[in-house]
Amino acid sequence: MKATQAVLFDVSLPLSAELPVYPGDPTFLLEPLSVADERDPDAFALSKFSMGTHTGTHVDAPRHFFPEAASIEQMPLELLYGPARLIDLRRAPARLDASVFQALALPPELRLVVKTGRDDAHLTGEAARYLRWELGVRLFGIDSSSVDPSPQPWLGYGFPAHRQLLGGDEPCWIIEGMALSGLCDGPYRLICCPLPLRGADAAPARVLMQRG
């Protein structure tokens, strides 16, 4: 019997000028500097692009909120590839508190991905604390643009979910803006490759998931 090859899903958002960004963030811009021309053997295409570090599918590093903490190129390599669990929370409210996860009786997970089907989905600080300290999650992914409510008045809000996940020793790194529409509940293998931008608070990432 011929073995069936597992399907690999690209759960990254394509980068383009039409891609929505977090309120106040710079938009993606791709600008051609030169173009290829079949009539000219010396001509070649070259472009430059500009974007915010939190554009599209991206990984938040602890430095996003803690200036002396690890930056994106210091992300532990063992988190970039390995088993992950995806849970479908499309029927849950946008505000995901600890009770949502407690009701699922999840086993400890190193990598956990949440499919919500909505961009206003976010964690409470208590939920973030539960995921990190009770379940041992070190890489948390979500399909919304932020683990905290967005948009929110920044002054005085405090971003509790980000701070709970990213603070302290052995932080939980965050993937935001995942494209999960084609995936269902269950175990996967996850590959996460953020750009190694030295000293950066975050970086866009190509993220792949394979069932099983």
Side-chain angles (χ1 to χ4, degrees), residues 8-37 43-67 69-75 79-81 84 86 90 94 111 113-123 139-155 157 159 161-163 165-166 171-183 188 190-210:
L8 196 62
F9 296 92
D10 186 347
V11 295
S12 318
L13 294 170
L15 294 169
S16 72
E18 292 74 35
L19 184 67
V21 297
Y22 192 90
D25 282 9
T27 57
F28 178 85
L29 176 64
L30 180 66
E31 180 182 355
L33 299 178
S34 63
V35 295
D37 187 341
F44 56 88
L46 175 67
S47 303
K48 70 175 181 179
F49 65 88
S50 62
M51 62 194 300
T53 51
H54 299 261
T55 301
T57 306
H58 64 277
V59 177
D60 284 356
R63 191 164 293 188
H64 186 26
F65 282 92
F66 303 97
S71 52
I72 194 66
E73 86 283 4
Q74 296 171 318
M75 185 176 182
L79 297 182
L80 298 178
Y81 172 75
L86 184 145
R90 285 177 295 173
R111 304 172 190 85
V113 176
V114 168
K115 177 179 178 176
T116 68
R118 52 195 300 171
D119 196 50
D120 60 346
H122 60 276
L123 301 176
L139 182 64
F140 177 77
I142 194 168
D143 51 0
S144 64
S145 60
S146 176
V147 294
D148 278 302
S150 168
Q152 272 284 343
W154 293 347
L155 187 61
Y157 177 62
F159 299 92
H162 277 94
R163 293 183 180 277
L165 294 173
L166 297 174
C172 177
W173 299 65
I174 305 167
I175 311 174
E176 294 170 327
M178 300 179 75
L180 301 173
S181 61
L183 278 67
Y188 289 82
L190 181 145
I191 304 169
C192 176
C193 298
L195 293 175
L197 306 177
R198 181 170 293 176
D201 50 272
R206 192 74 178 264
V207 185
L208 307 175
M209 295 181 71
Q210 186 177 51

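In what follows, residues are counted from 1 in the order of the sequence shown. Just so you know, these numbers use all the heavy atoms, side chains as well, and skip hydrogens, waters and symmetry mates.
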### Message
Show, in sequence, the C-alpha distance, side-chain angles and deciding distance for Val11 and Thr57, and conclude whether the side-chain contact (heavy atoms from CB on, under 4.5 Å) test is met.
### Response
CA-CA 8 Å; Val11 295; Thr57 306; 6.0 Å; no
### Query
What's the shortest heavy-atom distance between Ala161 and Leu123, and which atoms?
CB-O, 3.7 Å
### Query
side-chain contact (heavy atoms from CB on, under 4.5 Å) between Glu18 and Phe28: does it pass, once the steps are laid out?
CA-CA 8 Å; Glu18 292 74 35; Phe28 178 85; over 6 Å; no
### Query
Does any N or O in the side chain of Thr27 come within less than 3.5 Å of the main-chain N or O of Ala17, such that one atom is a donor and the other an acceptor?
no
## Note on the structure
Residue set satisfying side chain to side chain donor-acceptor pair (under 3.5 Å) with Asp10, at least two apart, ordered chain then number -> Ser12, Arg206
### Query
Of all heavy-atom pairs between Ala84 and Leu190, which one has the smallest distance, and what is that distance?
CB-CB, 3.9 Å
### Query
Does Lys115 offer a backbone N or O that forms a donor-acceptor pair with the side chain of Asp143 under 3.5 Å?
no
### Query
Between the side chain of Arg63 and the main-chain N/O of Ala69, is any donor-acceptor distance below 3.5 Å?
yes
### Closest contact, heavy atoms only, Ala202 versus Leu197
O-CD1, 4.0 Å
### Summary
Rounded to the nearest 0.5 Å, the CD atom of Gln74 sits from the CH2 atom of Trp173 at a distance of 7.0 Å
### Task
For the pair Leu180 and Met209, evaluate side-chain contact (heavy atoms from CB on, under 4.5 Å) and give the outcome as yes or no after the intermediate values.
CA-CA 10 Å; Leu180 301 173; Met209 295 181 71; 4.2 Å; yes
### Summary
Scanning both residues in full, the closest heavy-atom pair of Ser47 with Pro32 reads OG-CA, 3.7 Å
### Heavy-atom closest pair, residues Tyr22 and Ser146
CE1-CB, 4.0 Å
### Task
May I ask you to decide if the ring planes of Tyr188 and Phe9 are parallel, tilted or perpendicular, using 30° and 60° as cut-offs?
perpendicular
### Query
Which heavy-atom pair separates Pro204 from Gly52 by the least distance, and what is that distance?
CG-O, 4.5 Å
### Task
Walk me through it: do Leu139 and Met75 pass the test side-chain contact (heavy atoms from CB on, under 4.5 Å)?
CA-CA 10 Å; Leu139 182 64; Met75 185 176 182; 3.7 Å; yes
### Task
Would you give the length of the straight line joining atom CD1 of Ile72 to atom OG1 of Thr53, rounded to the nearest 0.5 angstrom?
9.0 Å
### Query
Any donor and acceptor pair, going by atom type alone, linking the side chain of Arg111 with main-chain N or O of Tyr81 inside 3.5 Å?
yes
#### Entry: Identified side-chain contact (heavy atoms from CB on, under 4.5 Å) counterpart of Val147 within the set Ile142, Val114, Leu166
Ile142
### Distance (rounded to the nearest 0.5 Å) between Asp201 CG and His58 NE2
9.0 Å
### Query
Sequence neighbours excluded, which residues qualify as side chain to side chain donor-acceptor pair (under 3.5 Å) partners of His162?
Asp60, Asp148, Glu176
### Message
Is there a side-chain contact between Leu80 and Pro194 in this structure, where contact means two heavy atoms from C-beta onward sitting under 4.5 Å apart?
### Response
yes
## Note on the structure
When rounded to the nearest 0.5 Å, the distance separating NZ of Lys48 from CD of Glu31 is 4.5 Å
